[in-house]
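We count ligands from 1, going down the list as the structure has it; atoms in each ligand are counted the same way. Just so you know, these numbers come straight off a predicted model, no measurement behind them.
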Amino acid sequence: MSPLADRYGRRFPYLRLSIIPACNFRCTYCLPHGYHADAKATAPLSLQEITRLLRGFTEMGMHKLRITGGEPSVRHDLTEILRTAAAVPGITKLAMTTNGTLLSKRLYEWMDAGLNAINVSVDSLDRASFARITGHDRLEDILHGVDMALEADLPAVKLNAVLLRDVNDRELPAWLDYLRDRRIGVRFIELMQTGDNLPFFREHHVRAETLETQLLEAGWQLLPRAADAGPAREYRHPDYAGRIGIIAPYSKDFCAGCNRLRVTATGDLRLCLFGEFGIPLRPLLQSDDQLEDLVRAIGGQIGRKEQGHFLHEGRTGITPHLASTGG
Ligand code: SAM
């Protein structure tokens, strides 16, 4: 097995695979005008291509897979993709990031297919504010789906909320109420600049440190970072069943803990969310005989991974918005 490791000693057991660039939401910071397919748009990877891709990555030690998009549940064969991925030897954690619009309808089907971790994007607990951010008045049903996932004992349930200045950055009291009795993790993510969102970013970016100061003052404790942990700084409090994670991509050493690679819906390997290039793997997914070539191609590219992103300098690479790459 050739391990997925780079020249800075980082290992990459975690793959984020986008299965579709389309999304049904219009989040102000991502796709404010909704998703519009390019006339020349290439079809997303087929189930067979996905299976070959996953065999290649597991051959190199990948064991955690996150299905993302766009919005993965827009894809009609999502359940089949989950079932197929769960059956690939070596994949032990099968996660998905979703806006939750189909969660209450499809949860049991997805769990039956092998899904064992879910991140649901919930940018606000206030119905009107949620609708303003996402373009959809769906908060209640989405939160119902989240409670169903908790009741069904889905092993990992997390919420993602992007922090937006003057939009949702004063909602900590509502979140604390929410977390008091729920064994759930909420992750507050700092807004990232992308190719398309500069004016919005300038107006609404807020550093997560302000929130962390409030947490510390309220008695939340920062947990020591586990060896294989992702980029979130995790906090807990003895009076709360839930936990809070902070994802601060502009903080020092953020990329030192990078443990993931990405593949876009059309099969391009992205070494960094904000990288300057994609490496087309699709030509190597056309027959089962190509496994060795695929593994060699992936292994040969890891050395090109940069030590860190260049977001501080406003360099967003080829990512117009996160839906295009798989956030
Ligand atoms: N549609 C799914 C969802 O809503 O979770 C998956 C794709 S979405 C691109 C993945 C995550 O990226 C969401 O939690 C979203 O809020 C986050 N995201 C998108 N654009 C972002 C940005 N510019 N900065 C920080 N997070 C962003």
**Q** So is Thr97 polar-close to ligand 1, meaning N/O to N/O under 3.5 Å?
**A**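 Thr97 vs ligand 1: no N/O contact under 3.5 Å.
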
**Q** What I'd like to find out is whether the side chain of Ser73 reaches to under 4.5 Å of the side chain of Trp110, using heavy atoms alone.
**A**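 The answer is yes, as the side chains (C-beta and beyond) meet within the 4.5 Å cut-off.
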
**Q** For the residue pair Glu190 / His205, report whether a side-chain donor-acceptor contact shorter than 3.5 Å exists.
**A**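 Yes, Glu190 and His205 have a side-chain donor paired with an acceptor closer than 3.5 Å.
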
**Q** If you measure from the Lys or Arg side-chain nitrogens to the Asp or Glu carboxylate oxygens, is any gap between Arg106 and Glu109 under 4.0 Å?
**A**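 Judged by the 4.0 Å cut-off on N to carboxylate O distance, Arg106 and Glu109 do form a salt bridge.
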
**Q** Report the relative orientation of the aromatic rings in His309 and Phe254; use parallel for angles under 30°, tilted for 30 to 60°, perpendicular for over 60°.
**A**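 If you compare the ring of His309 with that of Phe254, the planes turn out tilted.
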
**Q** Need the ligand 1 atom indices (1-based, order shown) with element for anything under 4.0 Å from a heavy-atom of Asn160.
**A**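 This gives 14 (O) as the contact atoms.
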
**Q** Would you say Thr98 and Glu71 are linked by a side-chain donor-acceptor pair, where the criterion is simply a distance under 3.5 Å?
**A**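 Indeed, the side chains of Glu71 and Thr98 share at least one donor-acceptor pair under 3.5 Å.
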
**Q** I need the contact type for Val120 against ligand 1. Using non-hydrogen atoms and a strict under-4.0 Å cut-off, is it side chain, backbone, both or neither?
**A**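 None of Val120 does.
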
**Q** I need the nearest protein heavy-atom contact for atom 5 (O) of ligand 1: residue, atom name and distance, please.
**A**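 Sorting protein heavy atoms by distance from atom 5 (O) of ligand 1 puts Ser121 OG, 2.5 Å first.
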
**Q** Heavy atoms only: which of Gly69, Cys30, Ala323 is nearest to atom 8 (S) of ligand 1?
**A**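 Result: the heavy atom closest to atom 8 (S) of ligand 1 is in Gly69.
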
**Q** Do Arg233 and Tyr235 pair up side chain to side chain, a donor and an acceptor below 3.5 Å, judged on atom types alone?
**A**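 Absent: no donor and acceptor within the cut-off.
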
**Q** Return yes if a side-chain donor-acceptor contact under 3.5 Å exists between Thr68 and Thr97, otherwise no.
**A**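 No - no donor-acceptor pair under 3.5 Å links their side chains.
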
**Q** Does Thr68 reach ligand 1 with a nitrogen or oxygen that is under 3.5 Å from one of the ligand's nitrogen or oxygen atoms?
**A**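 Not met; the criterion fails.
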
**Q** Would Glu190 count as a contact residue for ligand 1, given that I'm defining contact as a non-hydrogen atom of the residue lying under 4.0 Å from a ligand atom?
**A**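 True for this residue.
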
**Q** Which protein non-hydrogen atom lies closest to atom 23 (N) of ligand 1, naming both residue and atom, and how far is it?
**A**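 Its nearest protein heavy-atom neighbour is Met192 O, 2.9 Å.
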
**Q** Going by atom types alone, do Asn119 and Asn160 pair a side-chain donor with an acceptor below 3.5 Å?
**A**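 Looking only at side-chain atoms, Asn160 and Asn119 do form a donor-acceptor pair, the distance falling under 3.5 Å.
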
**Q** Salt bridge check, Arg182 against Asp147: does any charged N sit closer than 4.0 Å to a carboxylate O?
**A**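 So Asp147 pairs with Arg182 through a salt bridge.
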
**Q** Among all the protein's non-hydrogen atoms, which is closest to atom 27 (C) of ligand 1, and how far away is it?
**A**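 Ranking protein heavy atoms by distance from atom 27 (C) of ligand 1, first comes Leu322 CD2, 3.5 Å.
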
**Q** Within a distance under 4.0 Å of any heavy atom of Asn197, pick out the atoms of ligand 1 and give their elements.
**A**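 In order of number, 23 (N).
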
**Q** Looking only at distances, please establish whether an N/O atom of ligand 1 is found under 3.5 Å from an N/O atom of Glu71.
**A**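 Yes - when backbone and side-chain N and O of Glu71 are compared with those of ligand 1, one distance drops under 3.5 Å.
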
**Q** Nearest protein heavy-atom contact for atom 19 (C) of ligand 1: which residue, which atom, what distance?
**A**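 Result for atom 19 (C) of ligand 1: Tyr29 CE1, 3.4 Å.
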
**Q** Looking only at protein heavy atoms, which one is nearest to atom 26 (N) of ligand 1, and what is the separation?
**A**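 Checked against all protein heavy atoms, atom 26 (N) of ligand 1 sits closest to Val162 CG2, 3.5 Å.
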
**Q** If the contact criterion is a heavy-atom separation under 4.0 Å, does Gly70 count as touching ligand 1?
**A**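 Yes.
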
